[in-house]
*Asks:* 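My questions all concern the structure below.
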Amino acid sequence: MHIPVLLREVVDSLAIRPGGVYVDGTLGRGGHAREILLRGGAGTTLVGIDRDEQALAESAARLESVAGANVVLVHGCHGSLAEIVQKKGIGEVDGILLDLGVSSPQLDEPGRGFSFRADGPLDMRMDRSRDVTAASLVATRTEAELAGILQTLGEEPNARRIARAIVQARAARPIETTGQLAELVERTVGRHGPHHPATRTFQALRMAVNDEIGELERALDGGLGVLKAGGRFAVITFESLTDRIVKRFFAAHAGRMVSLQQGGERWEGLLPRVRPVTRRAVVASAEETDVNPRARSAKLRTVERMAA
């Protein structure tokens with residue numbers, strides 16, 4: 001069963017308004033979205049966006065069963081949420097949620113190729129209508145390009161060694177399964193500590209295949225643009241890389257007061273201006289992580305858009 005991460009904390013931080021309009025840019029199996037609709041009550045509108053058509057199909061019945069709700073499901077990327085909202089004629093919204101990274105159902109299905117826990121095709125596409133897979137990246141990128149992906153998106157300290165090993169191995173035999181890649185990485189760098197040595201490699205390739213950083217940056221910028229004054233924007237991250245991007249983006253729009261030489265002070269920062277709702281990242285309780293281990297790495301940051 002899919003368990004939405006930080007469910008109470010997320011919905012509390014959004015301060016749901018009765019009959020409001022909300023966007024879940026990473027709908028998944030609809031756990032957060034359903035709670036938003038239940039809190040909002042009759043007349044609440046939810047726009048659910050996901051690039052995974054299987055997730056959209058599984059969420060439809062769950063969300064449409066909420067009495068009095070207006071549910072709009074869209075197959076697309078959260079990086080396009082501003083354009084999607086505008087095309088639907090909605091205008092400004094009361095709240096936005098992004099639950100980033102790969103979902104538990106995607107990880108648990110070997111055929112999706114996101115995990116090395118079971119052997120499967122080296123796919124990693126969230127949207128299976130797209131052409132680029134992890135296998136195609138591994139097969140076609142140069143050693144330097146692969147090292148750059150692993151270093152930048154996976155923060156992998158052994159990026160060059162792993163990239164070199166991939167290029168050497170693929171010359172003899174195509175790398176087409178998750179098991180092949182995981183074994184290659186482990187053989188190259190050894191196994192130390194509690195985490196599998198291929199964890200960062202798989203993260204980096206997944207992010208590259210799905211342009212996760214580009215989608216996040218577009219979603220943050222576009223989301224603030226369609227958020228009402230007083231509306232809230234909540235983001236759950238699972239990797240240090242994406243958490244830093246969200247933290248810095250929100251901090252830049254929260255700005256700071258700067259003292260002036262002639263006296264007084266002035267606010268400096270990017271527009272539109274926001275105020276932090278969560279001063280520090282909210283993390284899961286011990287009780288939640290006992291039930292849902294995936295929640296251990298989750299961090300929630302929320303801001304509220306201020307009036308111009």
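Only this structure's heavy atoms are used, side chains among them; waters, hydrogens and symmetry mates stay out. All values reported here derive from a predicted model rather than from experimental measurement.
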*Asks:* Under the rule for side chain to side chain contact (heavy atoms under 4.5 Å, CB included), what residues qualify as partners of Leu270, not counting sequence neighbours?
*Replies:* Ala252, His253

*Asks:* Donor-acceptor pairs under 3.5 angstrom involving side-chain atoms of residues 214-222: please list them, not counting sequence neighbours.
*Replies:*
| residue | atom | partner | partner atom | Å |
| --- | --- | --- | --- | --- |
| Glu215 | OE1 | Gly79 | N | 2.9 |
| Glu215 | OE2 | Arg218 | NH2 | 3.1 |
| Arg218 | NH2 | Asp211 | OD2 | 2.8 |

*Asks:* Does the Glu64 side chain pair with the main chain of Ala61, one donor and one acceptor, at a distance under 3.5 Å?
*Replies:* no

*Asks:* Are the side chain of Thr140 and the backbone N or O of Ser136 linked by a donor-acceptor pair below 3.5 Å?
*Replies:*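 Present.
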
*Asks:* Can you list every pair that meets side chain to side chain donor-acceptor pair (under 3.5 Å) and has a residue in residues 36-55, with sequence neighbours left out?
*Replies:*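 Listed by first then second residue: Asp12-Arg39, Glu35-Arg39, Thr45-Asn70, Asp52-Gln106, Asp52-Arg112, Gln54-Glu58, Gln54-Arg128.
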
*Asks:* Has Arg130 got more than 12 heavy atoms of other residues, nucleotides or ligands less than 6.0 Å from its CZ?
*Replies:* no

*Asks:* Using modelled atom types and a 3.5 Å cut-off, is there a donor and acceptor pairing between side-chain atoms of Ser59 and backbone atoms of Leu56?
*Replies:*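 Not at all, since once roles are kept as given, no pair shorter than 3.5 Å links the two residues.
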
*Asks:* Just grab all the salt bridge (charged side-chain N to carboxylate O under 4.0 Å, His left out) pairs involving residues 257-269, residues at least two apart or on different chains.
*Replies:* Arg266-Glu268

*Asks:* Is there any salt bridge (charged side-chain N to carboxylate O under 4.0 Å, His left out) pair reaching into residues 133-143, and which pairs are they, with sequence neighbours excluded?
*Replies:*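 Residue pairs passing salt bridge (charged side-chain N to carboxylate O under 4.0 Å, His left out), neighbours aside: Glu143-Arg164.
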
*Asks:* Would you mind listing every salt bridge (charged side-chain N to carboxylate O under 4.0 Å, His left out) that reaches into residues 170-185, with sequence neighbours excluded?
*Replies:* Glu183-Arg187

*Asks:* With Arg206, which residues qualify under salt bridge (Lys or Arg N to Asp or Glu O under 4.0 Å), at least two apart?
*Replies:* Glu212, Glu239

*Asks:* Hey, is the main chain of Ser13 close enough, under 3.5 Å, to the side chain of Arg232 for a donor-acceptor pair?
*Replies:*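 Checking the backbone N and O of Ser13 against the side chain of Arg232, a donor-acceptor pair under 3.5 Å is found.
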
*Asks:* Side chain to side chain contact (heavy atoms under 4.5 Å, CB included), that's the test. Do Leu224 and Phe249 meet it? Break it down for me.
*Replies:* CA-CA 11 Å; Leu224 279 189; Phe249 180 87; 3.5 Å; yes

*Asks:* When you measure from the side chain of Arg305 to the backbone of Leu227, do you find a donor-acceptor pair of N or O atoms at a distance under 3.5 Å?
*Replies:* yes

*Asks:* What side chain to side chain donor-acceptor pair (under 3.5 Å) pairs are there with at least one residue in residues 78-87, not counting sequence neighbours?
*Replies:* none

*Asks:* Is it the case that Thr177 and Asp119 place a side-chain donor and acceptor less than 3.5 Å from each other?
*Replies:* yes

*Asks:* So, the side chain of Thr201 versus the backbone of Gly154: is there a donor-acceptor pair under 3.5 Å, distance only?
*Replies:* no

*Asks:* Using the test side-chain hydrogen bond (donor to acceptor under 3.5 Å, both in side chains), find all partners of Thr188 that sit at least two apart in sequence or belong to another chain.
*Replies:*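 side-chain hydrogen bond (donor to acceptor under 3.5 Å, both in side chains) list for Thr188, sorted by chain: empty.
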
*Asks:* Is it true that Asp127 and Arg125 have a side-chain N and a carboxylate O under 4.0 angstrom from each other?
*Replies:* no

*Asks:* Quick one: ring pair (Phe, Tyr, Trp, His ring centres under 6.0 Å) partners of Phe202, sequence neighbours excluded?
*Replies:* Phe116

*Asks:* Under 3.5 Å, is there a donor-acceptor pair between the side chain of Gln203 and the main chain of Arg200?
*Replies:*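 No; judged by distance alone, with no hydrogens or angles, the pair does not exist.
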
*Asks:* What distance do Leu100 atom CG and Thr237 atom OG1 have between them, rounded to the nearest 0.5 Å?
*Replies:* 6.5 Å

*Asks:* Once salt bridge (Lys or Arg N to Asp or Glu O under 4.0 Å) is applied, do any residues pair with Glu288, and if so which ones, sequence neighbours excluded?
*Replies:* none

*Asks:* Share the residues that join Met257 in a hydrophobic cluster, the rule being Ile, Leu, Val, Met, Phe, Trp or Tyr side chains under 4.5 Å apart at the heavy-atom level.
*Replies:* Trp267, Leu271

*Asks:* Looking at Arg256, I want to see if its CZ is surrounded by more than 12 non-hydrogen atoms of other residues, nucleotides or ligands under 6.0 Å.
*Replies:* no

